[in-house]
Amino acid sequence: MDIEYYTSEMERLLSDRDTYSVLKINPLNEYKKQLEVILKKGLQNGVLNKREFDYLSIKNPVTPVIYFLPKIHKNPFHPPGRPIVSGINSLTSRVSEYIDFFLQKYVTVAPFYLKNSSSVIDLIEDIGVIQETMWLATVDVSSLYTCIPKDLGIRGVLEALDSDLYMGTDQKSFIMECVVFCLTHNYFLNRDSIYLPIYL
């Protein structure tokens with residue numbers, strides 16, 4: 001891809017001030033202190049053991065970087081970009097793994113959960129005979145993850161945790177603190193600028 005087109009498309013994506021805000025400084029040091037407080041609380045409450053605490057506390061985190069993949073199926077000559085943030089070894093990368101470990105069991109039993117294309121086919125086959133009055137449709141959502149209202153996402157996780165009768169209160173509180181932190185501190189770098197997604 002031509003570097004000039006790539007640069008202009010990235011600027012177009014990030015120019016949406018309803019979706020991204022530009023930070024004046026790199027917040028890494030401040031965010032690291034905030035996460036350390038959460039993790040120490042988890043250690044003190046017995047939610048984390050020392051080994052887990054050490055794993056989740058990344059000593060030298062890297063700043064996440066955004067890039068995009070071209071959606072050539074939309075336009076092969078001037079493809080719009082699908083933004084992706086590479087957060088490997090970033091401040092929230094291991095905390096995100098921790099959250100994912102606990103939340104997976106709730107996701108897979110949700111009534112709206114579809115694992116892959118095969119599960120869609122199975123769902124359609126379960127319907128039986130397709131009637132003339134039925135319509136099959138696909139929906140393309142622009143910027144799916146930044147369109148999800150943060151408060152609704154947090155509420156959904158909270159409801160799932162509240163329904164779990166086997167998880168302790170301290171564990172639930174710790175997971176929720178981690179979820180809120182990850183959703184509100186997922187900044188990234190593009191060239192010389194630091195951005196933070198805005199969630200409604």
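- With hydrogens and angles left out, the side-chain atoms of Y55 and E97 include a donor and acceptor closer than 3.5 Å.
- Among residues at least two apart or in separate chains, there is no salt bridge (Lys or Arg N to Asp or Glu O under 4.0 Å) pair with a member in residues 108-124.
- Considering CD1 of I154 and NZ of K150, their distance stands at 6.0 Å, rounded to 0.5 Å.
- Taking every heavy atom of both residues into account, D170 and N45 meet most closely at OD2-O, 4.0 Å.
- For the atom pair CG of N49 and CG of L43, the computed distance is 8.0 Å after rounding to the nearest 0.5 Å.
- Grouping the Ile, Leu, Val, Met, Phe, Trp and Tyr side chains by contacts below 4.5 angstrom, directly or via other members, places I121 apart from I124.
- M167 and L161 get closest at one heavy-atom pair: SD-CD2, 3.8 Å.
- The number of heavy atoms from other shown groups lying within 6.0 Å of OH (Y113) is above 12.
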side-chain contact (heavy atoms from CB on, under 4.5 Å) between I198 and R17, worked out: CA-CA 8 Å; I198 299 170; R17 290 296 165 258; 5.9 Å; no

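- Partners of K32 under the side-chain hydrogen bond (donor to acceptor under 3.5 Å, both in side chains) rule, at least two apart in sequence or in another chain, do not exist in this structure.
- Other residues, nucleotides and ligands contribute more than 12 heavy atoms inside 6.0 Å of the NZ atom of K71.
- The two residues I194 and N26 come nearest to each other via the heavy atoms CD1-ND2, 4.0 Å.
- V109 places none of its side-chain heavy atoms less than 4.5 Å from the side chain of K105.
- In plain terms, the two heavy atoms of G87 and P64 that are nearest each other are CA-CB, 4.2 Å.
- I25 belongs to no multi-residue hydrophobic cluster, having no ILVMFWY side-chain contact under 4.5 Å with any other such residue.
- For R155, the CZ atom counts as loosely surrounded, since its 6.0 Å shell holds 12 or fewer non-hydrogen atoms of other residues, nucleotides or ligands.
- Atom OG1 of T92 and atom OH of Y98 lie 15.5 Å apart (nearest 0.5 Å).
- Within 6.0 Å of NE2 in H78 there are 12 or fewer heavy atoms belonging to other residues, nucleotides or ligands.
- Atom CD1 of I88 has 12 or fewer heavy atoms from other residues, nucleotides or ligands within 6.0 Å.
- Distance CG/N89 to OG1/T63: 12.0 Å, rounded to 0.5 Å.
- Considering all non-hydrogen atoms of both residues, E9 and P80 come closest at OE2-CA, 3.4 Å.
- Taking 4.5 Å as the limit, every side-chain heavy atom of L196 sits out of range of all side-chain heavy atoms of T184.
- In this structure a side-chain-to-backbone donor-acceptor pair under 3.5 Å is present from T108 to Q104.
- One hydrophobic cluster, built from ILVMFWY side chains closer than 4.5 Å, cannot hold both F101 and V107; they sit in different ones.
- Clustering ILVMFWY residues whenever any of their side-chain heavy atoms sit less than 4.5 angstrom apart, transitively, puts V37 in a cluster other than the one holding L28.
- Aromatic ring centres of F102 and F174 lie farther apart than the 6.0 Å criterion allows.
- Using a 4.5 Å cut-off on side-chain heavy atoms (C-beta onward), N116 and S119 make contact.
- Connectivity analysis of hydrophobic side chains (ILVMFWY, heavy atoms under 4.5 Å, direct or indirect) links F188 to M1, Y5, Y6, M10, L13, L14, Y20, V22, I66, Y67, F68, L69, I84, V85, Y195.
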Residues Y31, E36; criterion side-chain contact (heavy atoms from CB on, under 4.5 Å); working and verdict: CA-CA 9 Å; Y31 285 3; E36 199 74 10; over 6 Å; no

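- Atoms CG and CG, from D151 and L158 in turn, are 11.5 Å apart once rounded to the nearest 0.5 Å.
- The pair E11-R191 meets the salt-bridge criterion, since a charged nitrogen lies less than 4.0 angstrom from a carboxylate oxygen.
- In terms of the salt bridge (Lys or Arg N to Asp or Glu O under 4.0 Å) criterion, residue partners of K41 (sequence neighbours excluded) are, by chain and number, E177.
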Worked verdict on C178 versus I38 for side-chain contact (heavy atoms from CB on, under 4.5 Å): CA-CA 8 Å; C178 291; I38 295 171; 4.2 Å; yes

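- When atom types are taken as modelled, the side chain of S86 and the backbone of V65 share no donor-acceptor pair closer than 3.5 angstrom.
- Nearest heavy-atom pair across L35 and L91 is CD2-O, 3.6 Å.
- The stretch residues 47-59 participates, sequence neighbours left out, in these salt bridge (Lys or Arg N to Asp or Glu O under 4.0 Å) pairs: K50-D54.
- Residue M176 is grouped with residue V95 when hydrophobic side chains (ILVMFWY) are merged at heavy-atom distances under 4.5 angstrom, including chains of intermediate members.
- The NE2 atom of H185 sits 13.0 Å away from the OG atom of S90 when rounded to the nearest 0.5 Å.
- W135 and L123 fall into different hydrophobic clusters, where Ile, Leu, Val, Met, Phe, Trp and Tyr side chains are chained together by heavy-atom contacts under 4.5 Å.
- In this structure, S93 and I58 have side chains that are in contact, with non-hydrogen atoms separated by less than 4.5 Å.
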